[in-house]
Structure formats: C-alpha cells, structure tokens
Amino acid sequence: MDKPKWVIEKEQDKRLARASRVWMFGIHAVRDALRNPNRERLRLMVTQNAYDRLESDILASGMEPEIVPTRKFSAPLDPQSVHQGAALEVKPLDWGPIEEVCLAADGQVPRVILLDRVTDPHNVGAILRSAEVFGARAVIAPERHSAPETGALAKTASGSLERQPYLRIRNLADAIEKLQQMGYLVVGLDGDAEESIEDAVVGMTDRPIALVFGAEGPGLRDKTKETVDKLAKIPYAADFGSLNVSNAAAVALYAVRPK
Ligand SMILES: C[S@@+](CC[C@H](N)C(=O)[O-])C[C@H]1O[C@@H](n2cnc3c(N)ncnc32)[C@H](O)[C@@H]1O
C-alpha cells in the first residue's frame with residue numbers, strides 16, 4: 001500500500017534534519033541547548049572563561065568540551081558572531097508533523113504562525129520568542145526561502161528555539177490547506193487589507209487560528225493571499241512607516257488571543 005503523503009514528507013524532513021548541522025553560539029543559546037534533553041549535540045568549543053560560566057550545564061550534559069584559547073576562538077564561526085567564547089554544534093530539532101503538533105483537541109483553541117519567505121534569522125528568532133510568550137503551538141516556515149536554525153536565530157530567540165516548535169515544511173500552501181482541514185481559520189496579515197485583525201476574528205477567537213506573515217519588502221505572495229481564508233491589517237495611527245514582521249506578529253498574536 002502506498003504511504004500517505006504526510007508520512008513521505010516526514011521521512012524526507014527527517015533525512016534533511018540528519019544531513020544538516022549547525023553551530024549555536026553565545027552563552028545563553030549554548031546553555032539552553034545543553035539543557036534541552038531533545039537536542040542532539042555533536043561538538044562543544046568553549047574558552048576557559050565560558051567553561052567556568054557553563055560548568056554545571058556542561059558536566060550535566062556529559063559532553064567533553066574542547067577548551068580553546070580566546071584568540072583562536074572564531075573558527076568555525078562567522079567572525080562577526082558574538083559568541084562569548086561558547087559554541088555548540090547541534091542537529092536541528094525534529095518536532096514532528098503539523099498534524100500532530102497543531103492538533104486541536106476538544107476545547108483547545110491553538111494559535112499557529114506561518115511565515116511566507118521570512119528569511120532574516122533575527123526576525124524569525126524574535127517571532128519564536130513572541131510565539132512562546134503568547135502560547136502559540138508552532139511557527140511554521142518552508143524549508144527553502146526561510147531562516148534555518150542558526151546561531152544568530154537561536155541567539156535572538158533567547159532560548160525559545162529549544163522550546164517553541166519551529167517546523168520547516170516543504171510547501172506553505174500545503175501547510176495552510178492542512179491547517180484549514182484541521183479546523184483552523186487562516187488569516188494573512190497584510191498592511192493593505194480592508195479589515196482590521198480584531199474585526200477579522202470577532203466572534204471566532206474560540207476557534208483555532210493560524211496567522212500568516214510575509215517578508216520584509218515584498219510582504220505576502222499573491223499565491224498565499226489567495227490561499228488564506230481572510231486578509232487582515234493592523235491599523236496604524238500614522239500614514240507612514242510599517243511594522244517590522246516580528247513586531248507585527250506580536251501585535252497580531254495579542255489581538256487574536258482566546259477571550
Ligand atoms: C515589513 S512588512 C512588509 C511590507 C510590505 N511592503 C507589504 O506591503 O506587506 C512584513 C510583514 O509584516 C506584516 N505586517 C507589517 N505591518 C503590518 C500591518 N500594518 N498590518 C498587517 N500586517 C503587517 C505583514 O505580514 C507583512 O507581510
């Protein structure tokens with residue numbers, strides 16, 4: 001019997017996850033990754049100073065750190081990175097398929113964020129942080145044209161990357177369709193929409209809601225606008241400027257909170 005499409009996609013995602021490795025850096029990001037029992041850790045490099053700050057977590061993790069002199073520390077990191085003398089090579093987390101992570105059991109009114117080509121790791125990190133604070137079930141982004149789990153993303157997420165499901169999927173339109181079939185109201189956030197986000201969800205905050213955000217510059221793609229159930233805007237008092245996507249995500253998550 002043929003495997004269902006979602007099982008094939010999950011297997012493909014697992015293969016991709018196995019293939020990729022990333023470096024986390026910075027004391028907080030490394031500490032959070034050391035504390036996460038679900039995080040597969042491969043290699044730890046620290047300066048003596050960072051070792052002293054992380055000692056209890058390093059010992060608890062069972063890892064053998066490489067102690068590197070401060071002046072030699074930049075390799076294998078981006079020389080621009082603010083690593084604070086701590087770098088941990090890890091594999092991306094595997095959170096499982098949308099069908100499981102976003103399942104809305106009876107009485108639950110989950111919130112989910114989808115990202116349409118948001119590639120800046122700092123924006124995605126900030127969105128993960130807000131998503132965790134507002135109790136969102138997941139942040140979902142396509143495998144291509146989005147920000148992978150990197151040290152920069154982990155640092156901006158300030159620990160949320162270890163706790164907040166970040167699902168990398170093959171195709172955004174398929175993900176939106178799956179969520180719609182699961183009972184989600186899917187709202188695209190677009191500064192030029194007619195309706196405000198509050199009006200778009202009035203009387204519906206007891207439903208599962210997914211919010212879709214676009215990239216800096218281009219915003220939501222036309223194809224995405226056609227796939228969502230509604231478009232909504234965050235009304236501005238000023239007639240100039242625009243919100244950064246991570247700020248827009250925080251405002252919209254608050255506006256659609258279960259009431
Ligand atoms: C900097 S904005 C992109 C601006 C783009 N020129 C546009 O017209 O959408 C990045 C994303 O943040 C969200 N966003 C920013 N300001 C918003 C607003 N006032 N209302 C709704 N969404 C907004 C949207 O999802 C947007 O795609």
Side-chain angles (χ1 to χ4, degrees), residues 98 102 110-148 150 152-153 156-158 160-161 164-169 171-180 184-205 207-259:
I98 292 180
C102 303
R111 302 298 183 244
V112 166
I113 288 187
L114 297 120
L115 302 178
D116 188 10
R117 301 196 171 194
V118 179
T119 51
D120 181 329
H122 299 100
N123 280 337
V124 177
I127 290 169
L128 285 167
R129 193 171 172 178
S130 298
E132 184 183 20
V133 168
F134 286 104
R137 205 50 93 67
V139 176
I140 299 173
E143 190 66 58
R144 299 175 62 208
H145 307 295
S146 69
T150 58
L153 189 152
T156 324
S158 191
S160 297
L161 181 61
Q164 174 65 48
Y166 180 40
L167 273 55
R168 312 284 306 291
I169 42 90
N171 181 298
L172 193 73
D174 284 355
I176 290 174
E177 200 185 318
K178 276 181 192 166
L179 288 167
Q180 287 166 328
Y184 279 75
L185 173 74
V186 181
V187 183
L189 272 291
D190 178 359
D192 293 329
E194 300 281 314
E195 205 175 18
S196 76
I197 181 70
E198 285 100 334
D199 289 349
V201 300
V202 78
M204 288 190 267
T205 51
R207 269 185 69 176
I209 296 176
L211 302 170
V212 194
F213 297 89
E216 293 293 328
L220 294 176
R221 286 174 302 150
D222 289 344
K223 188 178 175 210
T224 305
K225 290 185 192 172
E226 286 158 19
T227 317
V228 299
D229 297 310
K230 286 180 169 218
L231 290 170
K233 69 178 171 192
I234 299 164
Y236 296 150
D239 53 7
F240 55 89
S242 79
L243 280 174
N244 163 282
V245 62
S246 65
N247 293 330
V251 172
L253 276 169
Y254 181 73
V256 303
R257 69 196 181 282
K259 306 208 170 63

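Order of appearance sets the numbers: ligands from 1, and atoms from 1 within every ligand.
- Ranking the protein heavy atoms by distance from atom 18 (C) of ligand 1 puts Y236 OH, 3.5 Å first.
- Protein heavy atom in closest approach to atom 8 (O) of ligand 1: D192 OD2, 4.2 Å.
- Contact between L253 and R111 at its shortest, heavy atoms only, is CD2-CB, 4.3 Å.
- Of all heavy-atom pairs spanning A200 and M204, the tightest one is O-CE, 3.3 Å.
- Atoms of ligand 1 found under 4.0 Å from any heavy atom of E216, numbered from 1 in the order shown, are 1 (C).
- Given atom 9 (O) of ligand 1, the protein heavy atom at minimum distance is G219 CA, 3.6 Å.
- By the 6.0 Å contact criterion, CD on E216 is enclosed, its count of non-hydrogen atoms from other residues, nucleotides or ligands being greater than 12.
- Taking a 4.0 Å cut-off on heavy atoms, A252 fails to register as neighbouring ligand 1.
- Atoms of ligand 1 found under 4.0 Å from any heavy atom of I234 (numbered from 1 in listed order, with element): 18 (C), 19 (N), 20 (N), 21 (C).
- Listed by atom number, the atoms of ligand 1 under 4.0 Å from L220 heavy atoms are 27 (O).
- Close approach of ligand 1 to S242 (heavy-atom distance below 4.0 Å) involves ligand atoms 1 (C).
- In this structure, atom 11 (C) of ligand 1 lies nearest to the protein heavy atom G214 O, 3.3 Å.
- Residue-to-ligand polar distances keep V212 apart from ligand 1: every N/O pair is separated by 3.5 Å or more.
- The minimum heavy-atom distance linking S246 with N123 is given by the pair CB-O, 3.8 Å.
- Taking any N or O of G217, backbone or side chain, at least one lies under 3.5 Å from an N or O belonging to ligand 1.
- Of all the listed residues (V251, L243, V245), L243 holds the heavy atom that lies closest to atom 2 (S) of ligand 1.
- T150 approaches P121 most closely through the heavy-atom pair OG1-CB, 4.0 Å.
- Remark: distances from the non-hydrogen atoms of A215 to ligand 1 include one below 4.0 Å.
- I169 contributes atom CD1, which lies 12.5 Å from atom CZ of R144 (distance to the nearest 0.5 angstrom).
- Using a 4.5 Å cut-off on side-chain heavy atoms (C-beta onward), L231 and L220 make contact.
- In summary, of the residues considered (V251, L211, V202), a side chain to side chain contact (heavy atoms under 4.5 Å, CB included) with I197 occurs for L211 alone.
- The atoms of ligand 1 that sit less than 4.0 Å from any heavy atom of F213 are 25 (O).
- The two atoms that bring R168 and P148 nearest to each other are NH1-CA, 3.2 Å, heavy atoms only.
- Two residues are said to be in side-chain contact when any heavy atoms from C-beta on lie closer than 4.5 Å; L153 and Y166 meet this criterion.
- Counting protein heavy atoms only, atom 23 (C) of ligand 1 is closest to A248 CB, 4.0 Å.
- The ligand atoms of ligand 1 that sit less than 4.0 angstrom from a heavy atom of K233 are 20 (N), 21 (C).
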